[in-house]
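Structure first, commentary second.
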Number of protein chains: 4
Amino acid sequence: MSRGINKVLLIGNLGTDPEVRVLPSGDSVANLSLATSETWTDKPSGETRERTEWHRIVIFGRLAEIAGQYLHSGSRVYVEGKLRTRQYQAQDGSERSTTEVVIDAGGTLLMLDGRAESTAQPTRSSPASRRRQTPPRGRAGQTPAPDIGDAIAF
Amino acid sequence: MSRGINKVLLIGNLGTDPEVRVLPSGDSVANLSLATSETWTDKPSGETRERTEWHRIVIFGRLAEIAGQYLHSGSRVYVEGKLRTRQYQAQDGSERSTTEVVIDAGGTLLMLDGRAESTAQPTRSSPASRRRQTPPRGRAGQTPAPDIGDAIAF
Amino acid sequence: MSRGINKVLLIGNLGTDPEVRVLPSGDSVANLSLATSETWTDKPSGETRERTEWHRIVIFGRLAEIAGQYLHSGSRVYVEGKLRTRQYQAQDGSERSTTEVVIDAGGTLLMLDGRAESTAQPTRSSPASRRRQTPPRGRAGQTPAPDIGDAIAF
Amino acid sequence: MSRGINKVLLIGNLGTDPEVRVLPSGDSVANLSLATSETWTDKPSGETRERTEWHRIVIFGRLAEIAGQYLHSGSRVYVEGKLRTRQYQAQDGSERSTTEVVIDAGGTLLMLDGRAESTAQPTRSSPASRRRQTPPRGRAGQTPAPDIGDAIAF
DNA sequence: TTTT
DNA sequence: TTTT
């Protein structure tokens, strides 16, 4: 139930591996750092410019565990969540605030690069192989897995 | 041209009148404080809970002027823009950052309440009467909560 | 769980009252006809043009009942759902298809005009008074309820 | 300028190569057939179910040319556009209507797979190799289902 | 800190 | 068929 709309949609790449921890309640929380890039042609100069925006993503529950298992630095993802600004105390004791994109049960997480481990044999999966991102799928030469971050955008 | 997606959609109410200023370039910029509210039923207790989230909105260009003309504290709006986190120096000299929702030429602003002045006879319109579209809230100088109750949502 | 994104966001006005029926399963279904309008300035002539698009909305479950209770011809709403194209047999026996925007448990319905009946005394509510849309709130002159469809948009 | 919101966001895979043609005005138009897939667990049985929805996409202008150059059957894309229902006369003379997702200058097209030709050495690029990014599907002449499995989604 |  |  809601009396307003608070919705964020992002497509971008992770800058680091997810940091997953388990709360005292047993729920998982994952923190992601996600970059979205936009490019444009500068009017007077005609030069191509680029700006990268970094987003703090916080994922709760089952999706947090999935993020920890399947995502890593470089992963391209779609996320849908909501904005939340939180107050906290900095180390010098001053009050600070930070704005995060929260993905909970009502949100969405969608991996955009390759089949990855969900179709691989779990027992042979390891952090090392996971970082290699899209595992061989045994049909070499036929269906190359897209590389990390592969995308053409317009 | 873009290589990612960075999109925010909000429906909520302004907590204050827009602050509009004109940049040295001649472009207008408007700052809005927008509240989105969500309510939910707490699991164990069955109580209805509410959380209000405040968003800093920055509007550029023609839409900034329109915001200054037609919006005011209490106005219900739909905005579509993008996230931008900006560094700035606090008064004590420390580095801080703030996250804003930027509405530029690619964004959208949609007023959701009242015919206001655009269809009213301009000669009889005044800032004072415009402000009366939402009730006086009698807490001048504070940060009044917007009239989020002005809608039924599900 | 999803392997793609199929999302529709609309803000517009109902062209008719909702048609609500109850399925054999006991679930409610509401059909809405929703108009979204866009206006633009024609390049060569400088004339203002307008195009209205009509959308078939199908709402399931609890939101269908709410739609039947609170919405009526002219109501301004925000809906979030997904596209679904359905085959059916026309009266002449030929196969036809129709595309609808489906709002189910994962979707959103948000009334954008006025407090309406949720704050009114239910026992005194009637179809007739409902059509009058936003009930008097007993503070005449202070907080006028926004009229049906009231909006300024940019 | 708009007085409503009419927005569609899709992430899915093309079922065929884009069909691009040039209008008498010189503008390009591309027609795409895009599949979005959702999976869910059936309540009583616990079985995993899947439903694929097909969308007719119409792209105008520069993005149409880009679609013709870089997209092909199997391509995974993000599109953002608006709904438009159009009347046309069927071959038997009867009136039909079809609903399309229109991507024009205000819309977005984002390729989600493969570096493809834009970053590859153009001299070594060919339509044939481009099509090999998705595996041969060996069902020429039919309407092959897109490789929706090319992603993990949650 | 990502990606192109 | 709505709305401005």
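Below, chain A is the first sequence line, B the second, and so on; all start at residue 1.
The interatomic distance linking L14(A) (CG) with dT3(E) (P) rounds to 10 Å, in whole Å. When rounded to the nearest whole Å, the span between CZ of R49(A) and P of dT4(E) equals 22 Å. Spacing between atom CZ of R51(C) and atom P of dT1(F) amounts to 17 Å, rounded to whole angstrom units. dT3(E) atom P lies 17 Å from atom CD1 of I11(A), rounded to whole Å. Atom NE2 of H72(A) and atom C1' of dT3(E) are 13 Å apart (whole Å). Remark: P of dT3(F) and CD of E38(C) are 19 Å apart, rounded to the nearest angstrom. Between the CG atom of N13(C) and the P atom of dT3(F) there is a distance of 6 Å, rounded to whole Å. With rounding to whole Å, L112(A) atom CG is found 13 Å from dT4(E) atom P.
In this structure, T36(C) reaches neither bases nor backbone, as no heavy-atom distance under 4.0 Å exists between it and the strands shown.
Side-chain proximity of A35(A) to the nucleotides dT3(F), dT2(E), dT3(E) is greatest for dT2(E). For S33(C), the side-chain atoms get nearest to dT1(F) when compared with the rest of dT1(F), dT4(E), dT3(E). Here dT1(F) is the nucleotide among dT2(F), dT2(E), dT1(F) with the atom lying nearest to any side-chain atom of T16(C). When each of dT1(F), dT2(E), dT2(F) is scored by its nearest atom to the side-chain atoms of W54(A), the top-ranked nucleotide is dT2(E).
Each of E50(A), E47(A), R51(A) was checked for a side-chain contact (heavy atoms from CB on, under 4.5 Å) with W40(A), and the lone residue meeting it is R51(A).
In this structure, the side chains of D113(A) and D113(D) stay at 4.5 Å or more apart for every pair of heavy atoms.
The 12-atom threshold is not exceeded at CZ of R56(C), counting heavy atoms of other residues, nucleotides or ligands nearer than 6.0 Å.
Separation of atoms NE2 (H55(A)) and CG (L83(A)) is listed at 10.0 Å; rounding is to 0.5 Å. Taken from OH in Y78(C) to OG1 in T108(C), the straight-line distance is 6.0 Å, to the nearest 0.5 Å.
Between the side chain of S73(C) and the base of dT1(F), no donor-acceptor pair under 3.5 Å is found.
Both E50(A) and H55(A) sit near DNA chain E, but only H55(A) has its closest nucleotide nearer the 5' end.
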